[in-house]
Number of protein chains: 2
Amino acid sequence: MTPVVGTEGTHIIVEASGCSPDVLSDPKKIERIFKDAAKHAKMTVKASHFFKFMPAGVSGAVIIAESHISIHTWPELGYAAIDVYTCGESNPEEAVDFILERIGAKHAHVSEVRRGIREEEGTYTHTILTWEEEF
Amino acid sequence: MTPVVGTEGTHIIVEASGCSPDVLSDPKKIERIFKDAAKHAKMTVKASHFFKFMPAGVSGAVIIAESHISIHTWPELGYAAIDVYTCGESNPEEAVDFILERIGAKHAHVSEVRRGIREEEGTYTHTILTWEEEF
C-alpha cells in the first residue's frame with residue numbers, strides 16, 4: 001500500500017519570549033488559539049488535551065493526522081516552547097505566525113526541521129535551519 | 001511565583017529507519033511502548049492519544065507535565081518520526097533508547113535540542129547537536 005501522505009514534513013521549533021502572561025496561564029485560551037491555528041493552517045484536528053500545572057503554566061497538544069502542535073508555557077517568565085509539525089498540504093508557518101501573534105510574543109528563536117527525508121541507502125534523515133524573529 | 005520546573009529542557013528529535021512494520025502499524029502496541037518508556041524514564045503521564053490512519057500509519061502523543069513524547073509512523077517504509085521532550089528530572093535519552101529498541105529500529109538520525117535557555121537580554125533560545133546511530 002502506498003502511504004496517503006509522504007514521509008516529508010516540516011517541524012517548526014520555537015522558543016517564544018515576551019509573551020502575555022494572561023494568555024500563557026489560561027489553558028482555555030491556549031486551546032482556542034491552537035484549534036484556530038490548526039483550522040487557519042488547514043489541519044484536521046484528531047484530538048487535543050490542555051491542562052494547567054503548578055504554579056501557573058499550561059501544557060498541551062493538538063494531534064493532527066500525521067503531525068502535532070504542542071505548547072508548554074511559563075507565564076511568570078513570558079516564555080513558551082512551541083512545536084508545529086505537519087506533513088502533507090497544511091502550512092506550518094501560518095500556524096506558527098498565528099500562535100505567536102495571539103500569545104503576544106515579542107521575540108522568537110526558531111528552528112525549521114525538514115523531517116522524513118529519504119537517503120539513497122533507504123534511511124531517513126532531517127535538516128535544520130535556524131533564525132531569530134522580532135515583533 | 002517561582003516555576004516548579006525550570007524552563008530548560010531536552011527535546012530529542014529522531015528519524016528512525018528499518019523499524020518493524022508490525023509494531024509501527026499497531027496503535028495499541030505503540031501506546032503500550034510509549035507508556036512504558038515514560039514510566040521507565042520517570043515521567044508522569046497526564047494524557048495520551050494514539051490512532052491509526054490510512055492505510056497503515058499510527059499517530060499519537062503522550063502528554064507529560066511540561067513535556068511530551070510523540071510518534072508518527074509509516075509502517076510500509078519502516079520509518080517513524082519520534083519526539084521526546086522533557087523538562088526537570090526525567091531522562092529523555094532513556095525513553096528514546098527504550099522506544100527505538102522496542103520498535104526494532106536499525107538506524108536513527110538524532111538531533112538533541114536544548115530548549116528554554118535564557119539569554120542575557122531575557123529572551124529564550126535553543127542549541128542543537130546532531131548525530132547518527134546504528135543498531
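Values below: all heavy atoms of this structure, side chains included; hydrogens, waters and symmetry mates excluded. Residue numbers begin at 1 in each chain, while the letters A, B, ... track the order of the sequences.
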Which atoms of [X] come close to chain B, meaning under 4.5 Å heavy atom to heavy atom: side chain ones, backbone ones, both, or neither?
| X | answer |
| --- | --- |
| His107(A) | side chain |
| Thr130(A) | side chain |
| Val110(A) | backbone |
| Ile128(A) | side chain |
| Thr123(A) | both |

* Asked: Which bit of Val14(B) is near chain A, if near means a heavy-atom gap under 4.5 Å: side chain, backbone, both or neither?
  -> backbone
For [X] and [Y], indicate whether the former's side chain and the latter's backbone hold a donor-acceptor pair under 3.5 Å.
| X | Y | value |
| --- | --- | --- |
| Thr73(B) | Val58(B) | yes |
| Lys52(B) | Ser25(B) | yes |
| Glu8(B) | Gly116(B) | no |

* Under 30°, 30 to 60°, or over 60°: which ring-plane class applies to His11(A) and Tyr85(A), parallel, tilted or perpendicular? -> parallel
* To do: Determine the interplanar angle of the Phe34(B) and Phe50(B) rings, folded into 0 to 90°, and report it as parallel if under 30°, tilted if 30 to 60°, perpendicular if over 60°.
  =>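 Perpendicular.
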* Tell me, out of Lys106(B), His109(B), Lys46(B), who's got the most heavy-atom pairs with chain A below 4.5 Å. =>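 The option with the most such pairs is His109(B).
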* Asked: With a 4.5 Å heavy-atom cut-off, do Lys29(A) and Arg102(A) have their side chains touching?
  ->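 The answer is no; the side chains never approach within 4.5 Å.
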* Taking Val113(A), Ile71(A), Ile117(A), Asp83(A) one by one, which has the highest count of heavy-atom pairs under 4.5 Å against chain B? ->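 Option with the top pair count is Asp83(A).
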* To do: Specify which of Ser70(A), Pro75(A), Gly18(A), Ala61(A) makes the most heavy-atom pairs with chain B at under 4.5 Å.
  =>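 Of Ser70(A), Pro75(A), Gly18(A), Ala61(A), Ser70(A) has the most heavy-atom pairs under 4.5 Å with chain B.
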* For the residue pair Thr10(B) and Arg115(B), confirm or rule out a side-chain donor-acceptor distance under 3.5 Å. =>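 Their side chains do not contain a donor-acceptor pair, so the 3.5 Å distance test is not met.
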